[in-house]
Amino acid sequence: MTGLRIGGTAEVVVLPSDQDASGRSLGASELARLVEVIESGKLTSTRGEQVSELESGIGAIFGCGEVIACSSGTSAIHAAIAAIDPEPGDEIVTSPVTDIGAITPILYQGAIPVFADVSPLTGNVTAASVADRISPRTRGVIVTHLFGNPAAVDEIVDLCAPLGIAVIEDCSQAWMARRGGQFVGTIGDFGVFSTQQGKHLTTGEGGILLARDPGRARRARLFVNKAWSGDDPRPDHEFLALNARMTELQGAVGNAQLAKLCDFVDHRHKMSTDFLAAVDAIDGIAVVHADPADVASWWRIPVLVDRGLCSPDALAEELSKVGVAALPRYIRKPVFECKVIAEQRTFGSSHWPFTLARPEALDYSRSKFTGTGEFLDSVLVFPFNERYEPEHVSFVVNVLREAVQNISGMVS
Ligand SMILES: *Cc1c(COP(=O)(O)O)cnc(C)c1O
């Protein structure tokens, strides 16, 4: 213990940030690949080899189905929904505690996002909360592995498969996490990953889709390329689709990053194990529940604050004084309270596709989302990345311990 005082004179450790070079591992191998692409003059994946190499590299790790590189995690979700091809007004069950990029593609495909409550202990949807929202119109379920902690996707697959409902795993925050020995992203029908600036593996912007069924994989691949069936004897634009292709520049960085992904994940695992054990020992702070049979791949470090002792907001304010940007609530409000959903701001003034929805599908009453409310009210999310070293972990843990003691009035 260094006798740190918050805002006092003790040494403040500057934390690496995944928003700049300090928290990322970008260097010679990325540059060499980028030079190769520039010198080839082939910047599009329709001409070059980087993106297809990235797809095979990721395929080799996960060993299942097809891999389709996309321009973002959002577009990978979009391609999965387009591959399911819901009828307008069909329903996709999803989580209210996620990135909006996992929700808006549902609406673009004319389907209705129907929100399942999350566990107050994990922030993840459960088989029971998903079962509660399934209707004859449900065509898919998006399961977000929040913060890299696997959701019970196997149980959700058992629920959905007999009903013909597709399961999309959103692994944007969970690269290489394992559920009962199996990589997340390979358990459902689709696995989606983001390679955005702040994710485990970065290409600035980018996304990866794993698709198990060959027919759906083909549809998804067409979708990200304007549905142009260039490999057909009589090629055509087969259906309504966008351009969501990844560029060779992204692919080049992705290949260099992929070679280091296992090291990144191992290092995160080591640092997060100590981080979590130390914060769990602080009175008033608990780690989120993780199934002992799973291996989480922590993206950020969420903790649950005992609100009887101190508020996550007060803690965050105290921590910000020493440069620790802990985020209370993770997202300010459940996704269904954002204007796009709450006010149905979609196409012109039509409110479409919400106009096609069953009224119960649009019931966002707080009483239906008690787990969500409790989780968001008590969670405090710590930044974390592959450049964290023991000194960063112990600094964060020490200042958190001090902040809890200061606020709760406990004597150290
Ligand atoms: C980052 C993220 C996305 C969206 O990915 P983008 O690459 O930013 O489009 C979707 N879902 C979750 C859970 C994410 O964390």
Side-chain angles (χ1 to χ4, degrees), residues 18-19 24 51 54 58 68-82 92-109 113 115-116 118 122-125 140-151 153 156 167-177 184-185 188 190-210 220 223-224 242-247 249-251 253-254 257 268 288 296-302 327 329-332 334-336 338 340-341 372 375-376 379 381-385:
D18 60 19
Q19 299 303 298
R24 302 269 41 164
V51 170
L54 180 63
I58 289 174
I68 299 146
C70 307
S71 55
S72 67
T74 303
S75 58
I77 295 266
H78 199 164
I81 307 283
I92 306 289
V93 175
T94 183
S95 170
V97 184
T98 186
D99 186 280
I100 195 76
I103 306 295
T104 44
I106 301 171
L107 294 164
Y108 271 103
Q109 289 309 111
F115 296 95
V118 301
T122 63
N124 283 330
V125 298
V141 176
I142 303 177
V143 179
T144 304
H145 301 290
L146 197 65
F147 304 125
N149 185 25
V153 63
I156 295 169
V167 173
I168 302 169
E169 292 182 74
D170 186 348
C171 314
S172 298
Q173 305 179 359
W175 280 89
M176 315 289 279
V184 300
F190 299 93
V192 168
F193 298 81
S194 168
T195 62
Q196 213 272 333
Q197 174 77 38
K199 301 295 164 65
H200 294 65
L201 176 160
T202 188
T203 60
E205 305 290 348
I208 297 293
L209 177 65
L210 306 186
F223 181 77
V224 300
L242 296 163
N243 174 358
R245 298 189 300 253
M246 179 180 273
T247 74
L249 298 164
Q250 291 164 294
V253 174
Q257 287 270 291
R268 276 180 188 262
V288 307
S297 177
W298 294 104
W299 171 57
R300 294 181 182 172
I301 306 290
L327 193 62
R329 304 189 65 78
Y330 168 50
I331 49 174
R332 236 167 260 137
V335 164
F336 51 71
C338 294
V340 52
I341 310 277
T372 300
F375 181 76
L376 293 179
V379 77
V381 184
F382 287 87
F384 186 54
N385 57 64

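Just so you know, ligand 1 is whichever comes first in the structure, and atom 1 is the first atom listed for that ligand.
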Per-atom contacts, ligand 1 versus T98 - under 4.0 Å to a heavy atom: 13 (C)
Contacting atoms of ligand 1, where contact means under 4.0 angstrom from a heavy atom of G73: 5 (O), 6 (P), 7 (O), 9 (O)
T203-T195 side chain donor-acceptor pair, cut-off 3.5 Å: yes
For G206, atoms of ligand 1 separated by under 4.0 Å from a heavy atom: 7 (O)
Distance-minimising heavy-atom pair for V125 and T94: CG1-O, 4.4 Å
Contact summary for I168 and A80, nearest pair of heavy atoms: CD1-CB, 3.8 Å
Protein residue, atom and distance nearest to atom 9 (O) of ligand 1, heavy-atom basis: T74 OG1, 2.5 Å
Spatial distance of atom CD1 (I77) from atom OH (Y108) [nearest 0.5 Å]: 15.0 Å
C70 SG to R245 CZ distance, which is reported to the nearest 0.5 Å: 12.0 Å
Contact summary for Y330 and Q173, nearest pair of heavy atoms: OH-NE2, 2.9 Å
Heteroatom proximity flag, W299 to ligand 1, N/O under 3.5 Å: no
Numbered atoms of ligand 1 (with element) below 4.0 Å of D170, judged on heavy atoms: 10 (C), 11 (N), 12 (C), 13 (C)
D99, any N or O under 3.5 Å of ligand 1 N or O: no
Gap between atom SG of C171 and atom CG of L210 - 0.5 Å precision: 7.5 Å
Nearest heavy-atom neighbours spanning M246 and G207: CE-O, 3.8 Å
N or O contact, Q173 vs ligand 1, cut-off under 3.5 Å: yes
Atoms of ligand 1 close to Q196 [distance to a heavy atom under 4.0 angstrom, numbered from 1]: 7 (O), 8 (O)
Option nearest atom 1 (C) of ligand 1 (shortest heavy-atom distance, choices H145, K199, H78, Q197): K199
N or O pair under 3.5 Å between T144 and ligand 1: no
